[in-house]
Amino acid sequence: MAAVTETIETIDRLTDGGYKFGFETNIEMDFAPKGLNEDIVRLISAKKGEPEWLLEWRLKSYRAWLTMVEPNWARIRHPRIDYQDLYYYAAPKRAAPKSLADVDPELISMYDKLGIPLNERAALAGVAVDAVFDSVSVATTFRESLSKVGVIFCSISEAVREHPELIRKYLGSVVPAGDNYFSALNSAVFSDGSFVFIPRGVRCPMELSTYFRINARNTGQFERTLIIAEEGASVSYLEGCTAPMRDENQLHAAVVELVALDEASIKYSTVQNWYPGDAQGRGGIYNFVTKRGACRGRKSKISWTQVETGSAITWKYPSCILQGEGSSGEFYSVALTNNYQQADTGTKMIHLAPNTTSTIISKGISAGHSNNTYRGLVRIMPRAHGARNFTQCDSLLIGNQCGAHTVPYIESRNQSAKVEHEATTSKIADDQLFYCRSRGLSTEDAVGLLVNGFCRDVLKELPMEFAVEAQKLLAVSLEGSVG
Amino acid sequence: MLEIKGLTATIGDKKILRGINLIMPDGEIHAIMGPNGAGKSTLSYVLSGREGYTVTGGSATFNGQDILAIEPEARAAAGIFLAFQYPVELPGVGNANFIRTAVNAIRRARGVPELDAVAFLKEARAAIKSLKMPDDMLKRNVNVGFSGGEKKRNEILQMALLKPSLALLDETDSGLDIDALKIVADGVNALRGPAFSALVITHYQRLLDHIVPDRVHVLAAGQIVRSGGPELARELEAHGYAGLEAA
């Protein structure tokens with residue numbers, strides 16, 4: 001209840017409909033030259049002091065990328081991306097901080113502005129944060145208390161140095177370098193990201209969270225996240241994303257890999273609020289992301305929850321490979337597009353083992369001139385006896401200039417499998433708005449309330465404090481969408 | 001005081017209200033009766049600001065304020081409440097959340113401090129108890145899966161918590177069994193007082209046995225063609241509307 005009130009207060013506060021994370025931080029940056037070639041890949045690897053095998057892996061990925069073409073099957077349109085006109089490496093000039101005390105105060109104050117406390121004492125109770133600024137992880141909080149229970153939570157660059165055996169074993173094991181155009185690009189040039197390892201039998205004692213921030217101009221952000229939950233381990237992880245407002249488009253191509261062993265569970269939540277571009281569709285982030293989790297162990301579980309309100313383009317399909325017997329995958333998604341935003345998002349649930357289950361709840365909201373597509377695949381392989389899937393895809397249209405599209409692919413190769421699919425499309429009806437207004441709510445309050453109601457099944461999956469944040473975001477993102 | 005003078009309104013090209021004149025002092029309850037298509041619901045929608053109706057002439061003021069010139073939410077803040085003939089479903093929106101958001105929107109518009117969740121729930125539970133409604137009324141989604149009677153009772157619950165100074169009840173009695181009718185009437189009677197007035201739109205005398213009006217008006221073909229005391233409702237019940245068409 002409080003959350004909705006806050007939603008309303010937020011609308012009241014923001015009269016100009018602006019993107020409140022759109023400021024730029026002035027920090028001296030270290031850039032690699034523009035463009036992409038083998039030397040840049042070598043330079044990134046060298047900057048990070050990586051072992052030879054990782055450099056080889058990057059180069060192999062780069063060479064694979066050269067032979068590939070950008071996928072064009074998604075329902076998105078954009079001018080050709082000039083991959084030679086981007087910076088692939090940008091880092092704050094100060095040497096890598098060894099502790100919070102070494103972090104540039106400008107950066108600390110930027111994260112304060114974003115509401116992300118890097119100071120442990122001031123941190124949200126029970127949330128450990130890793131902050132990634134452009135290409136580099138700048139601070140990870142609560143590391144010591146986590147390491148006491150054996151949890152590793154650090155930047156991936158650090159993990160390469162300190163836990164090479166884990167990286168070598170798992171990196172690229174869920175999303176192979178050559179999986180797709182953007183994952184190949186990421187594998188070649190990834191700069192940083194988060195690494196999480198939860199050892200056997202440990203329930204991670206706090207929420208883990210990473211905030212990604214693109215700041216530098218003409219810079220691509222290619223972060224790489226790897227989370228491993230050993231037998232019986234569990235973790236809840238959240239990522240948030242923001243960027244300054246810029247007229248040009250910026251590229252973001254991340255890869256996230258999750259591995260869950262026997263009876264392990266990973267809950268991965270995303271609140272994606274990259275700059276969406278302005279009301280005329282100028283600027284904004286191109287978000288081409290590959291996220292995939294492998295339920296390797298029996299009765300393991302991976303749950304994706306995403307609230308996608310930002311980015312000019314969202315191309316993203318967090319998926320689950322259900323390899324372990326009785327394992328389960330979940331995908332809860334809210335994707336909201338306004339103005340000229342385009343989202344093509346959904347999931348893949350690949351049932352390989354017997355008695356695997358998957359649940360897909362997708363809520364798409366389209367406003368303005370935007371286009372919002374759900375694209376999902378449920379595949380039941382021959383060995384997956386007794387597999388079950390339930391899919392629900394709901395679309396909500398606001399106004400009459402936007403589009404909502406649902407593209408479900410269902411492939412069942414096992415007769416004992418049960419697959420259910422439900423889909424609805426609705427509009428916010430005039431009589432619903434009038435009903436709310438006759439009770440004293442402004443049109444914007446009413447839309448916020450109705451949209452939050454529409455998304456409730458997904459929002460309730462988010463960790464409490466982020467659910468509040470997500471509700472605010474939905475309301476703010478819809479500003480100006482109703483006349 | 002509600003003061004309607006020469007009010008005319010159309011839907012598209014169709015003239016619905018053809019010059020309504022009505023004065024309703026504070027503290028009074030007036031009933032509007034009349035045949036189907038007379039313009040009863042249109043009158044309540046025009047007064048509460050629903051889109052799709054064009055006011056072509058006349059005026060309507062509440063406590064001296066021109067209500068036709070302001071947005072529906074501003075009319076709510078001015079104290080006007082419409083109990084819908086067909087209450088609208090709001091999927092996913094909890095009833096308690098909805099009513100509290102509305103209560104606080106109105107309080108904010110009036111510059112009164114907002115109610116926190118605890119204070120609101122206390123008031124809401126008390127209202128539910130006095131209206132003899134089930135507790136789960138607050139937990140369910142607004143009107144979703146409600147029976148016809150539950151929807152009407154939910155309108156009365158909202159009225160009880162929003163505490164309007166002018167309530168427009170648009171055929172709130174239609175489709176109600178006798179027990180539900182009593183609950184609705186109790187809800188209205190509980191608000192009766194010098195600062196509360198209500199315009200009760202109904203087809204039937206039955207509701208007026210429980211909410212005894214100060215005045216009864218007959219609306220036919222967009223005009224008020226007769227006005228009288230409570231006895232007029234009984235006369236209409238006995239003889240029907242035949243012969244009451246506007247001259």
- Message: For the CG atom on Asp136(B), are there more than 12 heavy atoms of other groups (residues, nucleotides or ligands in this structure) within a distance under 6.0 Å?
- Response: yes
- Query: For Asp116(B), is it the side chain, the backbone, both, or neither that has a heavy atom closer than 4.5 Å to a heavy atom of chain A?
  - Reply: neither
- Message: Between Glu51(B) and Arg437(A), does the side-chain contact (heavy atoms from CB on, under 4.5 Å) criterion hold? Intermediate values first, please.
- Response: CA-CA 11 Å; Glu51(B) 279 175 30; Arg437(A) 296 179 74 195; 4.0 Å; yes
- Name the region of Arg456(A), side chain, backbone, both or neither, that has any atom closer than 4.5 Å to a heavy atom of chain B. side chain
- Proximity breakdown for Glu89(B) and chain A, heavy-atom pairs closer than 4.5 Å: backbone
- Message: I'd like to know whether CG of Asp26(B) has more than 12 heavy-atom contacts from other residues, nucleotides or ligands below 6.0 angstrom.
- Response: yes
- Under 4.5 Å from any heavy atom of chain A - which part of Val142(B): side chain
- Which bit of Cys455(A) comes within less than 4.5 Å of chain B, counting heavy atoms only: side chain, backbone, both or neither? neither
- Query: Does the side chain of Asn143(B) pick up a donor-acceptor pair with the side chain of Tyr435(A) at under 3.5 Å?
  - Reply: yes
- Query: Of the non-hydrogen atoms in Gly49(B) and Phe434(A), which two are nearest, and what is the gap between them?
  - Reply: C-CE1, 3.6 Å
- Query: So what's closer than 4.5 Å to chain A heavy atoms on Arg75(B): side chain, backbone, both or neither?
  - Reply: neither
- Item | Region of Pro87(B) in contact with chain A, defined by heavy-atom distances below 4.5 Å | both
- Let me see the working for Ser438(A) and Ile80(B) under side-chain contact (heavy atoms from CB on, under 4.5 Å), right down to the final yes or no. CA-CA 8 Å; Ser438(A) 77; Ile80(B) 299 174; over 6 Å; no
- Message: What verdict does the side-chain contact (heavy atoms from CB on, under 4.5 Å) test give for Glu73(B) and Asp445(A), after you've listed the backbone C-alpha separation in whole Å, the side-chain angles of each residue and the deciding distance to 0.1 Å?
- Response: CA-CA 11 Å; Glu73(B) 56 269 34; Asp445(A) 290 356; over 6 Å; no
- To the nearest 0.5 Å, what is the distance between CG (Asp431(A)) and CZ (Phe84(B))? 8.0 Å
- Do Phe454(A) and Pro91(B) have side-chain heavy atoms sitting under 4.5 Å apart? no
- Message: Is any side-chain heavy atom of Leu449(A) closer than 4.5 Å to one of Asn97(B)?
- Response: yes
- Query: Counting heavy atoms not belonging to Phe390(A), are there more than 12 under 6.0 Å from its CZ?
  - Reply: yes
- Which one of Ala105(B), Ala76(B), Gly52(B), Pro72(B) has the most heavy-atom pairs closer than 4.5 Å to chain A? Pro72(B)
Hey, can you pull the donor-acceptor pairs under 3.5 Å for the side chains in residues 37-44 of chain B, sequence neighbours left out?
unit_1: Lys40(B); atom_1: NZ; unit_2: Gly34(B); atom_2: O; d: 2.9
unit_1: Lys40(B); atom_1: NZ; unit_2: Pro35(B); atom_2: O; d: 3.1
unit_1: Ser41(B); atom_1: OG; unit_2: Gln85(B); atom_2: OE1; d: 3.1
unit_1: Ser41(B); atom_1: OG; unit_2: Asp170(B); atom_2: OD1; d: 3.1
unit_1: Ser41(B); atom_1: OG; unit_2: Asp170(B); atom_2: OD2; d: 3.1
unit_1: Ser44(B); atom_1: OG; unit_2: Ser41(B); atom_2: O; d: 2.8

- Message: Quick one, Arg439(A) with Leu162(B), criterion side-chain contact (heavy atoms from CB on, under 4.5 Å). Give me CA distance, side-chain angles, the key distance, then yes/no.
- Response: CA-CA 8 Å; Arg439(A) 299 304 186 244; Leu162(B) 290 169; 3.8 Å; yes
